Amino acid sequence: MAHINILDSYVYNRIAAGEVVERPFSVVKELVENSIDAGADNITVEIIDGGVTSIKVMDNGEGIEKSQLKSAVLPHATSKIKTVEDLDDILTLGFRGEALASIVSVAKVKISSKPANQEFGAEINAEGGVIGDTIDSAIKNGTEITVNNLFFNTPARQKFLKSFKGEENDVTNLLSRFILGNPEISFKYVSNGKVIYQSFGDGIESAMLSIYGTGVLNDCFFIDTEKNGIKVKGYIGKHHYTKPNRTYQSIFLNGRYIINSTISSAISNAYGAYLMKRQYPFYVLDITVPAETVDVNVHPNKTDVRFSNNQVIYGTLYSIISKVLDGSSEAVSIIKEKTEKSQIFTNENYNDYERSYSEIKPLKKEYFVLNDISVDQKNKAQTSFTQIESKIEENQKPCVDIFAENKKFIEELYSQKNNNAIQNKEIIDSFTELKFLAQALSTYLIFEDGKDLYFIDQHAAHERILFDEYIEKVNSSNISIQPLLVPYVFSVNVQENEFLNEKMPYFIELGFEIEQFGYNTFKISAIPTNIVDIDIKKFIDDVLSDMNLLRTENIPTILRERVASKACRAAIKSGDKLDDKDIKTLITLMKGNLGLKCPHGRPVAVKITRLEIDKWFKRIV
Ligand code: ADP
Ligand code: MG
């Protein structure tokens, strides 16, 4: 008969650790949430090697009393819940009393703390779950927790870690969300000694700037409204301000960063018509709902939530965002001017803001008072939601895993490439004397050579011609450039910033005069002459949307061609009517140069043989 063992706490914690502490970023998340719960308005996070080697979180919160230090790391030790009833209206971020115990069981941890009313600080050290004695510590008011050698005693878990860089990226993403979600807290985030983010706790505008750089506010609507008892406040991108991936979407529900498909599909659908393929809306939104209408305890890391009524949430968000975008009369009451005098960082004065923490006034964290949804409102909402229910269904595809999505996209690209290779057999190989017949559907040029018909995709052809010329010029170092009348200045996030810096030589080689222009901002001041018609925004968006693919491309010629082909694509205007001269030029340029594909592998020309046409009309069977 099997013997039932009661796990001792040491074993239990190592199991629990798997749930809460999966990766460095989850440790950072737990520690920062604890700091926020402790009322800190000044939090510093320092990591080394993506957090694998070291994570340090310092705060100026209420501290842990010397006598309590040891119990803080015990499982189910929490100062936040005393009775079951507390669970229902808990507003703090952490409440399971598991985080510290779990972290301590899989790392080497030092916790130093000093509550304001205690004369001296105290600290404990713990290693792999073994807790040392409490000793005195010279520390200012607040708490400092250092987590070294994460998973040193769980090699299996270590194996699942990404590269240092990959882990760092996840911590960076997390920190950006903390900063945006807690604009009244001043954050400093340092990775391998380099300051990545610094926010000043002086409001959402300033927080937005510290993450997204200058310019972002002009591209957004600031909205502040309440509907069906749901408060929605924050920034949404204007119609044209679309982004190449979902890393620019942040939702904070009752003060906590969440990823939730009901909300994200409501917003995406509201943007629907304004988005092209592979464009994503930008938003940073604070959403406040009555605590009893949401279950926050569904996910071990608490990143998703469950609503008691999904339709109310979906409908409210959809309706608010649509009204703003569609410019309905109600939009006026939703969009708010930010009236309070705000300090905008510009590149010039950014450095002035490197002021010391002591100058920053402590701000009290306040939670919204929640309104109840009245029965009448509920009913009203219910009816209008039935129309969109079907929409919810079709959009329930999870919008969560950016990485999986990118991977899928890359795979699609490859399979497209392979398919094209097969389909293109029918493409003509040589061009003799062609007679131009017509332009059809503003897209196709139709030719005949007396025997057969040829359909040419004018955009693909044009793109191909541009591309060939371009690559030839690059290869012979013969690129001429043209300064822009108005330089194109654009903001990026940290990952994109790093990518652009890393790949900058390629852009320069291709004739783009591009430089870093202050914090997370770039300036393009000249472009290659051969693609003067380029839509730079489209080009940059396209490059950034394929950032992961381009980043991993290690063969310089391929990378260069990929970027060049994106540039050519952005230089072609679709739907243009060609005049005779254009057509002539196109034919001359293409002479003897067909059987080609556009740089993305699409065919340029397709032949329809007389035989085929005769078959249509049953002249031949
Ligand atoms: P929980 O946050 O779920 O209560 P944790 O294991 O994360 O559980 O933390 C245990 C306890 O340690 C908290 O309830 C809190 O009392 C204390 N604590 C942890 N971090 C801090 C901090 N930075 N400042 C003050 N108290 C803290
Ligand atoms: Mg906690």
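Everything quoted here is computed from the prediction, not taken from an experiment. Order of listing sets the numbers, starting from 1, for every ligand and every atom in it.
- Proximity annotation for atom 23 (N) of ligand 1: of I145, D59, I43, V104, D59 comes nearest, heavy atoms only.
- Counting only residues at least two apart or in different chains, salt bridge (charged side-chain N to carboxylate O under 4.0 Å, His left out) contacts with residues 134-149 comprise K56-E144, K66-D136.
- Atoms of ligand 1 found under 4.0 Å from any heavy atom of A38, numbered from 1 in the order shown, are 24 (N), 25 (C).
- A salt bridge is defined here as a Lys NZ or Arg NE, NH1 or NH2 lying under 4.0 Å from an Asp or Glu carboxylate O, and K165 with E498 meets this definition.
- Remark: distances from the non-hydrogen atoms of G63 to ligand 1 include one below 4.0 Å.
- The backbone and the side chain of L100 each have at least one atom closer than 4.0 Å to an atom of ligand 1 (non-hydrogen atoms only).
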Report the C-alpha distance between Y248 and Y212 in whole Å, list the side-chain angles of each, state the deciding distance to 0.1 Å, and finish with yes or no for ring-ring contact (aromatic ring centres under 6.0 Å, His included).
CA-CA 9 Å; Y248 290 87; Y212 295 121; 5.5 Å; yes
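- Checked against ring pair (Phe, Tyr, Trp, His ring centres under 6.0 Å), F252 has the following partners two or more places apart in sequence or in another chain: Y257.
- The aromatic ring centres of F178 and Y189 sit 6.0 Å or more apart.
- Set against the non-hydrogen atoms of A72, the atoms of ligand 1 under 4.0 Å away are 10 (C), 12 (O).
- Per-residue contacts place A99 under 4.0 angstrom from the following atoms of ligand 1 (heavy atoms of the residue considered): 6 (O), 7 (O).
- Ring orientation note: the planes of Y235 and F222 are tilted relative to one another, at an angle of 30° to 60°.
- By the 3.5 Å distance cut-off applied to N or O atoms, N34 is counted among the residues near ligand 1.
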